[in-house]
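Owing to the predicted nature of the structure, the values given are computational and were not obtained by experimental measurement.
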Amino acid sequence: MARSSLSAPRADARMLCRYRQRRVAIAVYLHEERPATSNRAIFVRHVAPYDEPIPSRSVKLAVLAGYRRCGWTRTRVHMLRHSMASRLPRAGASMKEIADILRHRSLDTSAIYAKVDLSNLAAVALP
């Protein structure tokens with residue numbers, strides 16, 4: 001995988017900005033575009049059968065189709081979740097925020113993403 005040409009702090013700030021943009025986009029969808037429903041799922045069907053969540057299989061197939069368009073051969077959907085969760089600590093997110101995003105009940109479960117970034121640590125280490 002190619003590394004970004006941006007410096008780590010700048011890349012992390014961009015990623016966090018994109019996260020906020022996605023959060024706003026989902027809020028707009030919920031308030032303005034989502035069909036009226038009593039279902040608590042975020043994404044619900046716009047066609048019959050109405051008032052049902054979009055099946056996880058449909059979401060997985062959409063993600064896999066996106067991978068193919070990018071030319072990626074490794075296509076585990078969980079890669080996206082792990083990648084985002086690994087970048088959030090570098091972008092300044094707290095463990096509580098990460099646990100909330102991942103819907104973990106315990107901070108210990110989210111702690112696996114709080115690994116020491118050796119390259120950034122080396123940059124501030126004393127000689």
Under the side-chain contact (heavy atoms from CB on, under 4.5 Å) rule, collect the residues that match up with [X], sequence neighbours excluded.
{"X": "Arg57", "answer": "Lys60, Leu61"}
{"X": "Ser56", "answer": "none"}
{"X": "Pro55", "answer": "Ser58"}
{"X": "Glu33", "answer": "Val28, Tyr29"}

> How far does NE2 of His31 sit from CD1 of Ile26, to the nearest 0.5 angstrom?
Replying inline: 11.5 Å

>> Using modelled atom types and a 3.5 Å cut-off, is there a donor and acceptor pairing between side-chain atoms of Glu52 and backbone atoms of Pro49?
In response: no

>> Is it the case that the side chain of Arg34 and the backbone of Phe43 share a donor-acceptor pair, with hydrogens and angles ignored and the cut-off at 3.5 Å?
In response: no

>> Is there a continuous path of hydrophobic side-chain contacts, each under 4.5 Å between heavy atoms, that joins Val44 to Tyr50?
In response: no

> What residues form a side chain to side chain donor-acceptor pair (under 3.5 Å) with Asp100, not counting sequence neighbours?
Replying inline: Lys96

> Which atom pair, heavy atoms only, marks the closest approach of Ser110 to His104?
Replying inline: OG-ND1, 2.6 Å

